[in-house]
Amino acid sequence: MWHRLFSFAALIILLQKDADAQDASYGVDCSFPIFSKDLKCGDLLGDRKAVYDEFMDGCRKFYGAKGNRCDTTEDDRIAMDIYQPQSMVNYTSTGFKKIKAPKAVMDLLLDHWNKNKQDRKEERWPAGNIYVNHWSSPTYMVSVEDHSLRGGGYKLKTDIWDAVKSTIEEWTGMEQNPISMYGIRVYTDGAILNPHADRLPLVSSCIINVAQDVDEPWPLEVYDRNNNAVNVTMEPGDMVLYESGSLIHGRPFALKGKYFANIFIHFEPTGRRLHDNSDEYLDDLDSFLPPYVIPDSPGAAEWSKKNPQGWKKPTPSAPIQQINSPESHYAAAHGDLSRLESALQKDHRLLHKKDNNGWLPLHEATRAGHQDVVEFLIKNGADINARTGRTGEGSTPLNLALAYHGPDHDLCKYLQSLGAANLPDNGEL
Ligand SMILES: *[C@@H]1O[C@H](CO)[C@@H](O)[C@H](O)[C@H]1NC(C)=O
Ligand SMILES: *[C@@H]1O[C@H](CO)[C@@H](O)[C@H](O)[C@H]1NC(C)=O
């Protein structure tokens, strides 16, 4: 009798264990399509096929005549889920990590959120975009770079970048350049974020939960290195570091609650190891691909198609982007003519202001290939033969144009037509 009872109890425990294990572990194409639209886990997570069909039908109905775009963007997403992660160099063993956001960052974000949350703006999505089910659960932005919001703008954005950069660098062990910042995005009840890998060059990233009002935690689902699903839940103040180009991430389980507000901050590795102060790493870089794409991989082929000019190598004297550089340099590097005009209207001397590496706005615009900005700067009196470098021994604009864009580029022809000098430099671009 005791014996039978014991085995009965053991059986229950075994069954229970089995159910827990099933509940806690599944791979791709269970909660949502990752590599294939044929979901393969039956009822393990409830009727996920119905959830997915409703998601896609919602998009098609909303976009009406353009509804077929929902299917094209969806096919693109799945194709990218397949080819991109396998083509990436990873800098960490797990690909993700949850920590507390640095206090300096939270202070900036909470201040912006509390001042402006009432003035959130509905986010606009291109027709057929399937990243979020915005057709049934609209998303909103309290953008940190929105000049019309209190305290919003370029300065806040660079302050946030400055405050998270070292965290991302320490975690990946790589020197990083800021690439993009998106948010604060506010998701609403019912929201689903379709699982995806980020487009390049969004490589080393973080998500910060700024504020939420939810009935239950809204898990971020990521796929680990063995393609098993892992739920990561976040409280306000939590920061998830993730290798967003290789780690598939989404929120396939609909949000239950009023809202969830978070921000995405993205960096691109330069190829230089953190604390390596030499420029030797430059010799190890591929002559065409960025350091984080595996040569001869399917992702390398996709990257090359989209970037026929090849990757812009960081130069020894100047990283790709100077986050502490003056507004004029930033605008010139990004081809933002109207922002540049207004910066120069406020202070014409910015035309001749060198950043820490001796670069002028003209050098930035030339390297980035923004012809209209180059012409604008020269017409406004920029020195066509100014040299980079702290002591002015570096490149002229024509040196940069030739090195970055080749002699056939219009920018070279334009500079040559003005008699610009192609000085032999000391190898330091
Ligand atoms: C993730 O959370 C969802 C929703 O709460 C749950 O159904 C699922 O089993 C969880 N998945 C994992 C891997 O824990
Ligand atoms: C990087 O991570 C992705 C996703 O886990 C994986 O598919 C890929 O093989 C990894 N890259 C390398 C070089 O191991």
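For ligands, and for the atoms within them, numbers begin at 1 and follow the listed sequence.
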Aromatic plane relationship, F55 with W135 - under 30° parallel, 30 to 60° tilted, over 60° perpendicular: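 Rings of W135 and F55: perpendicular, as their planes differ by over 60°.
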Parallel, tilted or perpendicular: rings of W218 and F260 (30°, 60°):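 Rings of F260 and W218: perpendicular, over 60°.
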Ligand 2 contact by G95, heavy-atom criterion under 4.0 angstrom: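 In this structure, G95 fails to qualify as a contact of ligand 2 - no heavy atom is under 4.0 Å.
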Proximal atoms of ligand 2 relative to [X] (non-hydrogen, under 4.0 Å):
X: N90; result: 1 (C), 2 (O), 3 (C), 8 (C), 10 (C), 11 (N), 12 (C), 14 (O)
X: M88; result: 1 (C), 10 (C), 11 (N), 12 (C), 13 (C)
X: I294; result: 13 (C)

Side chain R272, main chain S278, donor-acceptor under 3.5 Å: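 Confirmed, R272 side chain pairs with S278 backbone.
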Donor-acceptor under 3.5 Å (T366 side chain, L400 main chain):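 No; judged by distance alone, with no hydrogens or angles, the pair does not exist.
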Around [atom], find the nearest protein heavy atom and jot down its residue, atom name and distance.
atom: atom 4 (C) of ligand 2; result: S246 O, 3.4 Å
atom: atom 9 (O) of ligand 2; result: Q86 CA, 4.2 Å
atom: atom 3 (C) of ligand 2; result: P85 O, 3.5 Å
atom: atom 5 (O) of ligand 2; result: R225 NH1, 3.3 Å

L45 and ligand 1 - part of the residue with a heavy-atom distance under 4.0 Å: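 Under 4.0 Å from ligand 1, L45 contributes side-chain atoms alone.
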Validation row, ring centre F32 to ring centre Y52 under 6.0 Å: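 Judged by ring-centre distance (under 6.0 Å), F32 and Y52 do meet the cut-off.
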Where ligand 1 meets A229 - atom numbers and elements under 4.0 angstrom, heavy-atom basis: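 Near A229, the atoms of ligand 1 are 13 (C).
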Under 3.5 Å: N/O of S25 near N/O of ligand 1: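 No; the residue has no nitrogen or oxygen that sits under 3.5 Å from a nitrogen or oxygen of the ligand.
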Y26 N/O to ligand 1 N/O under 3.5 Å: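 Yes, Y26 has an N/O under 3.5 Å of an N/O on ligand 1.
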Shortest non-hydrogen contact between S180 and W161, atoms and distance: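 Nearest pair, atom of S180 first, then W161: N-CZ2, 3.5 Å.
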Residue pair P269 / P291: nearest heavy atoms and the distance that separates them: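 Nearest heavy atoms, P269 then P291: O-CG, 3.9 Å.
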Test item: side-chain donor near acceptor, H196 and D198, under 3.5 Å: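 Yes.
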